[in-house]
Amino acid sequence: MQLEAYSSREFHQYCLSNDLRGDTRTAMQHRSTQLETATISTSLGSALVCRGNSKVVAALQHQFVPFGDMLDPVVDPLEITVEFPSLVVDRKERGLQSVNYQTNALSAFLSDNIKKYVLVNALNQHLNIDDDEALTDKPQKKIKLNLDVCILNPDGALKDICLLAAMAALLTARMPPELVEAQTEARQAGWKCSILPSVPIISIPIATTFGCLDGKLVVDLTESEEQQFDSRWTVIVIVDVLDITKHLPRGTAQQRLQQLQMPLDSKTLDNSICNVHNPGGHPVASELLQSTIQMAKDNAVKLLPLLCRHK
């Protein structure tokens, strides 16, 4: 059989008729996920996520900008960008327009599902401690975070994997020395200021992508399946940090999150908010959509300790 035949619609239909897929998984079987943090030593936080043949690395950088620039609505306190290395683009023989569309779509997806839960303003409130001229003569400034996501090898479920890598980079990030130093100076001068060791995060979004071909439901699609299936959609489970850590010993939400090592029950996320991202294709029946929401919660329960273990 020619290589093209293995990515054809007929091939996927034949496989699913036997409850198998091109990579020998069953229809509802996830690929294994490996997560490694601190992969880029020069960043505040970084993570490499591998799932099947898909590989994504995310890194968090920072810069200080003048206070006046941060008042400009065009300046984003948390800027998220996604890119494909040129080698990947050439190997996949993707057109430039297709690559730009996919990177822009992924950047927008990550921005929509991350920015509202990362409290960059809280960092800047702590950075305001150097506003007092008696304490320091440093000019007033704000912190700006840049989250860069690089897709080393794309093979499906990129929304899920990019979001996982981005959140792992944010959760393991440590504050720049300049900010910690300023906070320490403030406390020594008598200011009531707690030192923030990490990026304040109030919720953790975890995504799971589903697809449907001839009425057959499939989870964790490969790139070939995404191109041939009738429809695909992504369910994002919003895990509230305070809600899942309220039963743990006292401490900040971030400190308690580090203790979240035990296996979780899916009931833990019963009250979690879920969003659905449907980029197009055939409409999805409401009954099917409801069933995938519960499946997404079950998957989030499995992935959450993996994220927290690396804090």
Side-chain angles (χ1 to χ4, degrees), residues 33-65 70 75-89 91 99-100 102-124 127 141-155 157-180 196-207 236 241 254 257-258 303-304 306-311:
T33 300
Q34 293 83 42
L35 190 155
E36 182 181 352
T37 58
T39 53
I40 301 177
S41 59
T42 56
S43 65
L44 298 180
S46 59
L48 171 66
V49 176
C50 301
R51 180 181 295 176
N53 292 325
S54 289
K55 293 183 180 181
V56 174
V57 64
L60 186 68
Q61 306 285 351
H62 80 285
Q63 63 184 108
F64 290 106
V65 298
M70 290 299 290
V75 178
D76 195 338
L78 174 58
E79 186 173 350
I80 302 175
T81 58
V82 178
E83 65 175 1
F84 289 92
S86 57
L87 180 63
V88 173
V89 175
R91 188 176 74 235
V99 171
N100 290 339
Q102 192 168 11
T103 54
N104 291 337
L106 284 170
S107 297
F109 173 81
L110 294 179
S111 297
D112 291 343
N113 289 286
I114 290 179
K115 289 184 178 180
K116 66 186 76 173
Y117 309 119
V118 180
L119 305 182
V120 181
N121 287 337
L123 298 179
N124 283 322
L127 193 60
K141 56 189 177 181
K142 296 287 183 180
I143 193 171
K144 180 178 184 295
L145 298 179
N146 300 299
L147 182 59
D148 299 317
V149 179
C150 184
I151 300 170
L152 303 178
N153 193 56
D155 188 25
L158 290 182
K159 291 187 181 71
D160 309 9
I161 302 168
C162 287
L163 185 59
L164 192 64
M167 290 308 302
L170 286 164
L171 283 166
T172 57
R174 291 298 177 260
M175 285 301 91
E178 301 96 322
L179 181 54
V180 176
L196 297 179
S198 57
V199 179
I201 296 173
I202 57 173
S203 295
I204 302 173
I206 299 177
I236 305 99
V241 172
Q254 297 290 87
L257 192 60
Q258 296 179 27
L303 291 176
L304 191 59
L306 180 67
L307 275 171
C308 299
R309 190 177 70 229
H310 291 276
K311 275 198 57 60

- Exercise: identify the closest heavy-atom pair between Ala58 and Ala169: O-CB, 3.9 Å
- Task: Mind checking the OG-CG spacing from Ser111 to Leu147? Nearest 0.5 Å is all I need.
- Result: 9.0 Å
- Query: Distance-only, no hydrogens or angles: does the Ser46 side chain make a donor-acceptor pair with backbone N or O of Thr39 under 3.5 Å?
  - Reply: yes
- Message: Show the nearest heavy-atom pair for residues Ile161 and Arg51, with the distance to one decimal.
- Response: CD1-CB, 3.8 Å
- Task: First locate atom CG of Leu164, then atom CG of Leu35, and finally report the distance between them rounded to the nearest 0.5 Å.
- Result: 5.5 Å
- Is there a donor-acceptor contact under 3.5 Å from the side chain of Asn153 to the main chain of Lys55? no
- Item | Test side-chain contact (heavy atoms from CB on, under 4.5 Å) applied to Thr33 and Asp160, step by step | CA-CA 11 Å; Thr33 300; Asp160 309 9; over 6 Å; no
- Message: Would the distance check show the side chain of Thr172 and the main-chain N or O of Gly45 forming a donor-acceptor pair, the cut-off being under 3.5 Å?
- Response: no
- For Cys150 and Pro85, the nearest pair of non-hydrogen atoms, with its separation, is SG-CG, 3.5 Å
- Query: Taking everything shown except Lys159 itself, do over 12 heavy atoms lie less than 6.0 Å from its NZ?
  - Reply: yes
- Message: Restricting to non-hydrogen atoms, name the atom on Ile40 and the atom on Ala59 that form the minimum distance, rounded to 0.1 Å.
- Response: CD1-CB, 3.8 Å
- Measure the spacing between OH of Tyr117 and CD1 of Ile204 and express it to the nearest 0.5 Å. 11.5 Å
- Message: Once rounded to the nearest 0.5 Å, what's the spacing between atom CG of Asn113 and atom CG of Leu163?
- Response: 6.0 Å
- Note on the structure: d(Met167 CE, Leu303 CG) to nearest 0.5 Å is 12.5 Å
- Task: Take Leu106 and Val149 through the test side-chain contact (heavy atoms from CB on, under 4.5 Å) and record every step on the way to the result.
- Result: CA-CA 10 Å; Leu106 284 170; Val149 179; over 6 Å; no
- Message: Asn146 vs Thr81, test: side-chain contact (heavy atoms from CB on, under 4.5 Å). Steps then yes/no.
- Response: CA-CA 8 Å; Asn146 300 299; Thr81 58; over 6 Å; no
- For residues Gln61 and Ser43, report the shortest heavy-atom separation together with the two atoms involved. NE2-CB, 3.6 Å
- Query: Say you draw a straight line from CG of Leu60 to CG of Leu78; how long is it, rounded to the nearest 0.5 Å?
  - Reply: 7.5 Å
- Please assess Phe109 against Ile236 for the test side-chain contact (heavy atoms from CB on, under 4.5 Å), listing each intermediate value before the final yes or no. CA-CA 11 Å; Phe109 173 81; Ile236 305 99; 3.9 Å; yes
